[in-house]
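For reference, the structure discussed in these notes is given below.
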Protein chains: 2
Amino acid sequence: MSIQTTIKALSDPTRRQILDLLKSGSLSAGQICEKFPVSGAAISKHLSVLKDADLIRDTREGKYIIYELNASVLEEVMLWLTDLKGE
Amino acid sequence: MSIQTTIKALSDPTRRQILDLLKSGSLSAGQICEKFPVSGAAISKHLSVLKDADLIRDTREGKYIIYELNASVLEEVMLWLTDLKGE
DNA sequence: CTTTCGTTTAACCCTTTGGTTAAGTATAGT
DNA sequence: ACTATACTTAACCAAAGGGTTAAACGAAAG
């Protein structure tokens, strides 16, 4: 995954909030939806952007789809930022 | 400056390249332009986005406008990322 | 097997974004 | 005072982004 894909995914506030939510534990798409004042379709699209960036992973559990955070790809961004900051 | 403004500014590859350039030292708008295959107007707009985000500062020197990196605002982004990664 | 529930995909609508060219502003040099 | 140089701003355009509603899909339950 490119740093471009990662940062683009991070550039929307709703998506960052979703990541913040998942920090405390995995949630189903529906549970995530409840937290935002937008349609399920909108959230579903955000989730797919985050998934394409590999910032989240999903697994189906029965009729639910559970999303979990994958923070490991943030490493690349951190490195770039650290380098930019110089030391 | 909000983290939103900062990340949005970072979300364009040309703007990130500009920041990378300025890491090695301050440059005039024209010198920055030379490095990119787009019009001066396009670069000027990128510079203004970076400036609004306080990621760069400018000072006029004669007929040149010199841009310098201001990496300090990256701290907030770093903190958010670090928190998300969970130490 | 049909229905219901959870979620995604399709089709669409605006707004934002990143580019262009052309015109404007500011400083330097003649 | 003019002209050239350095850069920005204005006006415009096509593409991308984030939202909506409605249709489709997958698994479970009746």
Side-chain angles (χ1 to χ4, degrees), chain A residues 1-22 25-70 73 77, chain B residues 1-22 25-70 73 77:
Chain A
M1 296 299 161
S2 69
I3 197 172
Q4 174 60 19
T5 307
T6 309
I7 296 189
K8 217 72 200 299
L10 296 177
S11 75
D12 178 82
T14 301
R15 286 196 290 266
R16 286 200 306 280
Q17 283 181 253
I18 292 174
L19 296 176
D20 279 330
L21 270 177
L22 293 176
S26 301
L27 293 172
S28 72
Q31 288 174 312
I32 296 170
C33 278
E34 289 169 10
K35 316 279 186 172
F36 299 92
V38 294
S39 70
I43 294 299
S44 186
K45 284 206 287 187
H46 282 309
L47 290 171
S48 113
V49 171
L50 291 170
K51 199 180 147 187
D52 285 348
D54 201 32
L55 281 160
I56 58 176
R57 305 264 171 79
D58 66 334
T59 53
R60 184 174 273 277
E61 288 188 10
K63 62 179 175 176
Y64 301 98
I65 298 179
I66 306 297
Y67 285 93
E68 67 176 323
L69 184 62
N70 174 38
V73 291
V77 180
Chain B
M1 296 297 161
S2 69
I3 196 172
Q4 175 60 19
T5 307
T6 309
I7 296 189
K8 216 74 201 298
L10 296 178
S11 75
D12 179 81
T14 301
R15 287 195 293 267
R16 285 200 308 281
Q17 282 182 254
I18 291 174
L19 296 176
D20 279 331
L21 271 177
L22 293 175
S26 300
L27 293 172
S28 71
Q31 289 174 312
I32 295 170
C33 277
E34 288 169 10
K35 315 279 185 173
F36 298 92
V38 294
S39 71
I43 295 298
S44 185
K45 284 205 287 186
H46 281 309
L47 290 171
S48 116
V49 170
L50 290 170
K51 200 180 147 185
D52 285 349
D54 201 31
L55 281 161
I56 58 176
R57 306 263 171 77
D58 65 333
T59 54
R60 182 173 274 276
E61 288 188 11
K63 63 177 174 176
Y64 301 97
I65 299 179
I66 306 297
Y67 286 93
E68 68 176 322
L69 184 62
N70 174 37
V73 291
V77 180

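Letters A, B, ... mirror the listed sequences (proteins, then strands); counts begin at 1. All values below were derived from every heavy atom in this structure, side-chain atoms included, with hydrogens, water molecules and symmetry-related copies excluded.
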In whole angstroms, the gap separating C1' of dG6(C) from NZ of K63(A) amounts to 7 Å
note: E61(B), atom CD; dA28(C), atom C1'; distance rounded to Å ~ 15 Å
When we call it a touch if two heavy atoms are under 4.0 Å apart, what does Y67(B) touch: a base, just sugar-phosphate, or nothing? sugar-phosphate
Rounded to whole Å, CD1 of I66(B) lies from P of dT27(C) at a distance of 14 Å
What one should report as the nearest heavy-atom pair of L22(A) and E68(A) is CD1-C, 4.3 Å
Assign each of S48(B) and G62(A) the nucleotide of DNA chain D bearing its closest heavy atom; nearer the 5' end lies the nucleotide of S48(B)
Over all strands shown, is K8(B) touching base, sugar-phosphate only, or nothing at heavy-atom distances under 4.0 angstrom?
sugar-phosphate
Taking dT20(D), dC7(D), dT9(D) as options, the one with an atom nearest any side-chain atom of A29(B) is dC7(D)
(Q) Quick check on dT7(C): is either OP1 or OP2 less than 4.0 Å from any side-chain nitrogen or oxygen of S44(A)? (A) no
| Between dG6(C) and R60(A), is there an OP1 or OP2 to side-chain N/O distance shorter than 4.0 Å? | no
When every non-hydrogen atom of V73(A) is compared with those of A53(A), the smallest separation belongs to CG2-O, 3.9 Å
In R57(A), K45(A), R15(A), the residue satisfying side chain to side chain contact (heavy atoms under 4.5 Å, CB included) with L50(A) is R15(A)
From CD1 of I18(B) across to P of dC7(D) the rounded distance in Å is 13 Å
In whole angstroms, the gap separating C1' of dG18(C) from CD of Q17(B) amounts to 14 Å
| said: Between L47(B) and I32(B), is there a side-chain heavy-atom distance shorter than 4.5 Å? | reply: yes
Does any part of the side chain of T59(A), heavy atoms only, come nearer than 4.5 Å to the side chain of Y67(A), both counted from C-beta? no
The residue, V49(B) or G40(A), whose nearest nucleotide of DNA chain C is more 5′ is G40(A)
To the nearest angstrom, the CG-P distance between L47(A) and dG6(C) comes to 16 Å
Quick note, H46(B) side chain, CB onward, closest among dT20(D), dG18(C), dA22(C) is dG18(C)
Among dG18(D), dG18(C), dT8(C), the one nearest any side-chain atom of I65(A) is dT8(C)
Comparing K45(B) with I43(A), nearest DNA chain C nucleotide closer to 5' gives the residue I43(A)
- Query: With a 4.5 Å heavy-atom cut-off, do I43(A) and T14(A) have their side chains touching?
  - Reply: yes
Separation of dT7(C) atom C1' from I56(A) atom CD1, nearest Å, is 13 Å
Of dT20(D), dC7(D), dG18(D), the nucleotide closest to the side chain of Y64(B) is dC7(D)
| Phosphate contact (dT20(C) OP1 or OP2) by S39(B) side-chain N/O below 4.0 Å | yes
note: D58(A), atom CG; dA27(D), atom C1'; distance rounded to Å ~ 15 Å
Point to revise | Phosphate contact (dC7(D) OP1 or OP2) by S28(B) side-chain N/O below 4.0 Å | key: yes
